[in-house]
There are 2 protein chains.
Amino acid sequence: MYTSVIIIDDDAIVRESVRMFLEAQSDIEVIQCFGRAEDYLAELAKNQFQPNHILLLDIGLPGLGGLEAIPEIKQIADPDIIMLSTYEEEDKILKALSLGATSYISKRAGLKAILEGIQIVQKGGAYLSPAVAREVVGFFAQSKRKKEEFELPARQYEVLSALSEGRTYQEIANEMSISVETVRSHIKKMYRNMQVKNKVEAINLYMNGSVK
Amino acid sequence: MYTSVIIIDDDAIVRESVRMFLEAQSDIEVIQCFGRAEDYLAELAKNQFQPNHILLLDIGLPGLGGLEAIPEIKQIADPDIIMLSTYEEEDKILKALSLGATSYISKRAGLKAILEGIQIVQKGGAYLSPAVAREVVGFFAQSKRKKEEFELPARQYEVLSALSEGRTYQEIANEMSISVETVRSHIKKMYRNMQVKNKVEAINLYMNGSVK
DNA sequence: CAAAAAATCACCCTATAGGGTGATTGACAG
DNA sequence: CTGTCAATCACCCTATAGGGTGATTTTTTG
């Protein structure tokens, strides 16, 4: 079974070298190449020329950029998208994955990485080239480190949870079947326990998991 | 230059087959193998026997589990940790990465994946085996989908951002060098734009990325 | 260039939040 | 069995938030 690939890259040299490299593989067929995302989108809107292809999408395109193109593409079809990028910037990577790219490969990783990525995606997996994976892993590592944990009594925690959903003291009192004064009391003690002085600070801590 | 590797896996068959496979490589030296994380930690506490080794850590260990072991290890030393796991469960994967593992490999991906992972980590990259990468990518994709986006004018966005950090109207006014009345005005318009009726609801939307 | 939207400020008034102090009850640990 | 702490409630008072209305000026944009 052939793997159908479409390449979008504004750099003709990159485009051609990737195409030639991939076509040398016995199981890959490059069905089309584009220099601009707009051209690909136009083709996509016209024909359904690719049943289930894999799209190699450069992130630094002139005009409609690679990132902005993703939602447009997803509206019409649902190819597996492998992003190609010259640099490994965390925000670009996370953005691309959030928008629905299945893989992300740094051009520095070389043609073999692109081939590996295509083969993995074809089998239902996802591929992140080494430096890209490093950024993604780093995102998780930084996000949950270095914060003291607060352990709250049950009711204080309940109140905090309700606060974080935007309820007023009165609403919380009704839901918990206690008086507003008690709610206030819980909140005051909670603020001391957590060493904060208002709702927003408390909710911020609650939201990023520093409270249990 | 040799790459020093330590293996922790309770399954003797896995342990030995990985060790033999790795030692067949010319540039890798398996300096020690353990069946339990506790034994490794004891060695680590005693000697500084490994300058900068790579640790292959099984996630399903009896006693001190692979995940629980990570913080203990990090307290004493800082090896690059590659998690090995039989299954690809999103929560385990994210937990491991949050705790500071640099890579995560499914045992189903085979010995070659382990070798590739070690080589990549040795070069400063990170490696996620295909199905694992799929889970991680899926985490981003699901987390930001299917919610209407609000696009706010610049100042309203600035105010919202400041609100989300717990500042009062007065503090925001000072920081932005405008009057409190203007801050209030921005906030009122912002609430209408976002269809919310208080700070907390607005911040909740802001926090999970529905606002730009 | 004209209309729309963004940004600025003002004054009205009410609702909600939050700090302090103190009391009662029941559970639990030393 | 006595002190600590969670949970409940009450009253005092001030600060902060938020809704309505309306005005002026600048910026954007069709």
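Below, chain A is the first sequence line, B the second, and so on; all start at residue 1. Everything numeric here is computed off the predicted structure, so don't read it as measured data.
Nearest heavy atom pair, residue B:I203 against residue B:S164, reads CD1-CA, 3.7 Å. Nearest heavy-atom pair across A:S129 and A:S106 is OG-N, 2.9 Å. Of all heavy-atom pairs spanning B:I70 and B:A96, the tightest one is CD1-O, 4.1 Å. Contact detail for B:R36 and B:I8: the closest heavy-atom pair is C-CG2, 3.9 Å. When all heavy atoms of B:G63 and B:E68 are compared, the closest pair comes out as O-OE1, 4.4 Å. Minimum interatomic distance between A:T86 and A:R108 (heavy atoms only, all atoms of both residues): O-NE, 3.4 Å.
With rounding to whole Å, B:E151 atom CD is found 14 Å from D:dT28 atom C1'. Per the geometry, NZ belonging to B:K197 stands 10 Å off P belonging to C:dT16, to the nearest Å. In this structure, B:N174 atom CG and D:dT16 atom P are separated by 11 Å, rounded to whole Å.
Ring geometry for B:F139 versus A:F140: interplanar angle of 30 to 60°, hence tilted.
Across residues 153-171 of chain A, A:T168, A:Y169 each have a non-hydrogen atom less than 4.0 Å from an atom of DNA chain C (numbered order). Taking a 4.0 Å limit (strictly below) on heavy-atom distances, residues 182-193 of chain A reaches DNA chain D at A:T182, A:R184, A:S185, A:H186, A:K189.
In the helix from C:dC1-D:dG30 to C:dG30-D:dC1, the end axes, each obtained as the rotation axis mapping the C1' atoms of four pairs onto the next four within a five-pair block, lie 60° apart to the nearest 10 degrees.
A heavy-atom distance below 4.5 Å is found between the side chains of B:L163 and B:Y169.
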